Amino acid sequence: MKPSIPKGTRDFSPGEMLKRNYIFDTIRGVYQRYGYEEIETPSMENLSMLEGKYGEEGDKLLFRILNSGDPFEKYRLAHLEIKNSDVTEKGLRYDLTVPFARYVVMHQNEITFPFKRYQIQPVWRADRPQKGRYREFYQCDADVIGSISLLNEVELIRMIGDVFDALKIDVSIKLNNRKILSGIAEVIGERDKIIDITVAIDKLDKIGLDKVNEELKMKGLSETAIQQLQPIIKLSGSNENKMESLRQVLKNSETGLKGIAEMESILNMLQISQKVKDNIELDITLARGLNYYTGAIIEVKVNDKRSSFTSSICGGGRYDDLTGIFGLPNVSGVGISFGADRIYDVLEEVKGFPDFSGISTKILFVNFGEEEARFCLQLLDRIREDGIHAELYPDAAKMKKQMSYADAKKIPFVALIGTEEMKNNEITVKNMSSGEQSKVTMDELLHLLK
RNA sequence: GUGAUUGUAGCUCAGCCGGUUAGAGCGCUAGAUUGUGGAUCUAGAGGUCGUGGGUUCGAGCCCCAUCUUUCACCCCA
């Protein structure tokens with residue numbers, strides 16, 4: 001039997017877990033500092049909670065769980081045609097936002113609004129794996145639900161700034177607003193094609209202006225509409241300049257102007273923050289996750305030349321009425337989500353992880369036999385009391401093997417306790433990097449290890 | 001879903017035009033060293049060549065299918 005793991009999944013070895021936890025701890029720390037509270041939801045949801053929430057494309061990428069037992073049996077015996085809904089009623093969660101919406105509706109009586117929650121858990125998508133894309137990956141979400149104040153947007157963006165500041169990743173935070181996009185579609189008379197328009201414009205960096213226009217034409221936009229779009233696509237300059245141009249274009253769209261007002265308000269409040277104010281960019285081509293966003297849209301891209309990542313490592317936005325589909329209307333939410341797995345890959349590329357050598361075992365006790373090992377146990381208790389990471393080799397194996405173990409685990413000190421040391425109540429300690437060796441008391445050892 | 005790409009020892013990879021017994025480095029085990037790791041030297045173990053089928057006198061190499069790896073598109077974190 002050759003061992004294997006499913007496509008698009010990965011094992012995480014001790015060295016990788018140190019790095020992953022560094023990312024999770026950093027994000028968790030920022031979330032807590034801003035007053036967000038943690039929740040968890042089950043890895044599986046009822047399919048009725050998931051289906052239809054992520055668009056047609058999303059439904060195809062849902063992992064469905066086969067009902068237990070032999071769900072096909074009765075249909076086979078009766079020679080009936082089998083439908084998906086007959087044999088599967090649960091699925092793995094696709095993101096953390098929809099389960100959160102379900103949670104809010106189910107727990108609305110216990111929740112004090114506005115509710116600020118964070119959630120760090122894996123999600124699953126039956127995607128074809130490729131660079132920065134896995135079938136199982138972690139999302140780190142923070143959302144505020146039950147408040148329409150733009151201060152929430154500002155706070156979340158500052159949190160993004162704090163996280164990447166702590167991780168020492170240079171990023172640019174792109175900002176857009178769904179209402180501005182709606183206004184644009186409205187003004188050029190193609191209100192229904194808003195998704196097609198934004199998806200096409202989103203590709204500007206990648207495929208260039210000509211190809212974008214080609215795609216717009218293919219999607220059925222009129223020639224005049226495409227012409228009207230040109231100044232918007234080519235929008236450039238400072239955030240203020242862009243906003244001024246947009247105000248001209250959208251002067252007849254109530255929705256569009258509302259979007260601009262929101263954007264202006266958010267940008268103004270962000271000027272107070274030294275950390276993020278220079279990294280914020282109004283980007284009209286930003287169009288992800290349009291399925292439920294209704295106001296601000298946020299996306300973060302790496303700004304480091306050493307990184308080959310062009311896709312986003314963090315995203316978010318406002319969604320009015322997300323809980324409406326679960327029977328709780330008029331509750332507005334806004335949230336962000338960090339893609340921990342992509343951040344990991346970026347940090348790997350830019351060599352941005354700190355040194356973790358301080359976390360591992362500080363001292364290994366060599367095992368010379370049953371009696372000696374028993375003696376070591378009390379010493380270990382004393383050492384661990386002081387919070388020092390210490391271990392005893394489990395077998396009375398050859399010295400060479402035990403020393404090699406310490407070497408491989410990069411343990412800086414080895415303690416040798418034989419009959420001689422037991423009798424004199426002393427510890428022979430060896431410094432593995434210098435090779436020096438000396439006899440010390442417990443107090444001296446504790447001092448040495450600190 | 002579309003188009004490429006990959007798979008040979010625990011790991012990284014050679015393997016000619018299809019030809020006899022499939023190799024290297026690292027790692028592992030043992031020894032040189034009876035209470036001392038890294039360096040060096042010696043010896044040893046370790047393979048259904050991803051899997052299934054086919055072509056051939058003969059397949060790691062050619063053909064088909066399938067799984068897997070990586071990448072681009074679609075879409076997305």
Side-chain angles (χ1 to χ4, degrees), chain A residues 1-10 13 23 27 54-62 93-97 120-141 195-196 198-200 202-203 206-207 211 215 286-291 298-302 308-317 335-346 364-369 372 393 396-422 428-439:
Chain A
M1 182 82 171
K2 203 171 187 173
S4 67
I5 56 172
K7 184 193 244 183
T9 65
R10 298 148 301 156
S13 298
I23 296 171
I27 294 171
Y54 309 103
E56 220 175 290
E57 204 70 31
D59 274 359
K60 279 190 253 171
L61 299 181
L62 284 176
R93 66 166 167 257
Y94 180 89
D95 70 357
L96 301 178
T97 308
I120 300 176
Q121 288 191 276
V123 302
W124 293 269
R125 296 181 190 179
D127 223 347
R128 281 266 193 98
Q130 55 177 283
K131 189 181 174 66
R133 276 173 108 156
Y134 308 98
R135 287 186 153 187
E136 178 185 64
F137 60 96
Y138 272 72
Q139 287 194 336
C140 313
D141 279 29
I195 304 257
D196 288 335
T198 51
V199 165
D202 186 37
K203 293 177 189 160
K206 236 178 192 169
I207 62 177
K211 287 269 170 71
E215 182 163 334
L286 200 173
R288 309 273 168 124
L290 273 180
N291 282 323
I298 306 159
E299 186 170 296
V300 180
K301 288 190 170 170
V302 188
S308 63
F309 264 81
T310 51
S311 44
S312 74
I313 53 174
C314 176
I336 53 171
S337 177
F338 291 87
D341 301 83
R342 284 188 179 173
I343 292 173
Y344 182 100
D345 292 345
V346 170
L364 172 79
F365 279 71
V366 169
N367 186 333
F368 283 116
E372 290 89 340
Y393 197 85
K398 283 192 178 142
M399 264 295 251
K400 186 187 169 95
K401 176 135 178 142
Q402 301 194 41
M403 295 301 276
S404 299
Y405 174 83
D407 208 48
K409 273 186 87 170
K410 296 188 169 54
I411 298 173
F413 296 99
V414 168
L416 302 128
I417 316 280
T419 40
E420 193 72 12
E421 286 87 351
M422 281 165 65
T428 298
V429 59
K430 178 177 175 121
N431 181 325
M432 290 297 277
S433 55
S434 68
E436 280 164 22
Q437 192 167 310
S438 57
K439 295 193 171 173

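Just so it is clear, the structure is predicted and the values come from calculations on it, not from any experiment.
The closest side-chain donor-acceptor pair between A:T9 and A:E136, if any, does not fall under 3.5 angstrom.
Without hydrogens or angle criteria, A:R342 side chain to A:R133 main chain gives no donor-acceptor distance under 3.5 Å. A:D127 places no side-chain N or O within donor-acceptor distance of the main-chain N or O of A:P129, the cut-off being under 3.5 Å. No donor-acceptor pair under 3.5 Å is formed between the side chain of A:Q402 and the backbone N or O of A:M399. With hydrogens and angles ignored, the 3.5 Å screen pairs a side-chain donor or acceptor of A:R125 with a backbone N or O of A:Y94.
Within 4.0 Å of A:K410, counting heavy atoms only, lies no atom of the nucleic acid at all. At a threshold of 4.0 angstrom between heavy atoms, the contacts of A:G316 with the nucleic acid are absent. Residue A:Y134 is classed as a base contact, given a heavy-atom separation below 4.0 Å to a base.
Taking atom C1' in both B:G50 and B:A9, one finds a spacing of 15 Å when rounded to whole Å. Of the P atoms belonging to B:C16 and B:U6, the separation is 15 Å, rounded to the nearest Å. The same atom, C1', is picked in B:G18 and in B:A45; the two are 32 Å apart, to the nearest Å. Taking atom P in both B:A22 and B:C61, one finds a spacing of 15 Å when rounded to whole Å. Nucleotides B:G46 and B:G3 place their P atoms 44 Å apart, quoted to the nearest Å. Using C1' as the reference atom, B:C74 and B:C67 are 24 Å apart when rounded to the nearest Å. Nucleotides B:U51 and B:C57 place their C1' atoms 26 Å apart, quoted to the nearest Å. On the C1' atoms, B:G47 is 16 Å away from B:C28, given to the nearest whole Å.
Look at NZ on A:K131: it is 15 Å from C1' on B:U69, rounded to the nearest Å. Between the C1' atom of B:C76 and the CH2 atom of A:W124 lies a distance of 18 Å, rounded to the nearest Å. Computed from coordinates, the A:L62 CG to B:C76 C1' distance equals 14 Å when rounded to whole Å. For A:K7 and B:U5, the NZ to P distance is 16 Å, given to the nearest whole Å. The distance between atom CG of A:L61 and atom P of B:C76, rounded to the nearest whole Å, is 10 Å. When rounded to the nearest whole Å, the span between CZ of A:R125 and C1' of B:C75 equals 10 Å. When rounded to the nearest whole Å, the span between CD1 of A:I207 and C1' of B:C74 equals 12 Å. Put simply, CZ on A:R93 is 14 Å from C1' on B:A77, counting in whole angstrom units.
By the 5.5 Å and 30° criteria, A:F137 is stacked with the base of B:A77.
Checked by distance alone, A:R342 brings a side-chain donor or acceptor within 3.5 Å of a matching partner on the base of B:C76. Interface remark: the A:R133 side chain does not form any donor-acceptor pair with the B:U70 base, using a distance-only criterion of under 3.5 Å.
Within the 4.0 Å cut-off from OP1 or OP2 of B:A77, not a single side-chain nitrogen or oxygen of A:Q139 is found.
Among residues two or more places apart in sequence or in another chain, the salt bridge (charged side-chain N to carboxylate O under 4.0 Å, His left out) test is passed with A:K439 by A:E426. For A:Y138, the ring-ring contact (aromatic ring centres under 6.0 Å, His included) partners are A:F24, not counting sequence neighbours.
In RNA chain B, consecutive stretches of 3 or more Watson-Crick or G-U wobble pairs with both distances under 3.5 Å are given as paired ranges: B:1-4 with B:70-73, B:10-13 with B:23-26, B:28-32 with B:40-44, B:50-54 with B:62-66.
Two residues are said to be in side-chain contact when any heavy atoms from C-beta on lie closer than 4.5 Å; A:E372 and A:N367 fail this criterion.
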Exercise for review: Going 5' to 3' through nucleotides 29-38 of chain B, assign each nucleotide B (protein heavy atom under 4.0 Å from a base atom), S (under 4.0 Å only from sugar-phosphate atoms) or - (no protein heavy atom that close).
Suggested key: S-S---BBBB

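In terms of position along RNA chain B, the nucleotide closest to A:P129 lies nearer the 5' end than the nucleotide closest to the other residue of the pair A:P129 and A:G315. Positionally, the nearest nucleotide of RNA chain B for A:I5 lies more toward the 5' end than for the other of A:I313 and A:I5.
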Donor-acceptor pairs under 3.5 angstrom involving side-chain atoms of residues 406-416 of chain A: please list them, not counting sequence neighbours.
from, atom 1, to, atom 2, distance (Å)
A:K409, NZ, A:E391, OE2, 2.9
A:K409, NZ, A:Y405, OH, 3.3

Identify all side-chain donor-acceptor contacts of residues 55-62 of chain A below 3.5 Å with residues at least two apart in sequence or on another chain.
from, atom 1, to, atom 2, distance (Å)
A:D59, OD1, A:G52, N, 2.9
A:D59, OD2, A:G52, N, 3.4

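Counted within 6.0 Å of NZ on A:K211, heavy atoms from surrounding residues, nucleotides or ligands total 12 or fewer; the atom is thus considered open.
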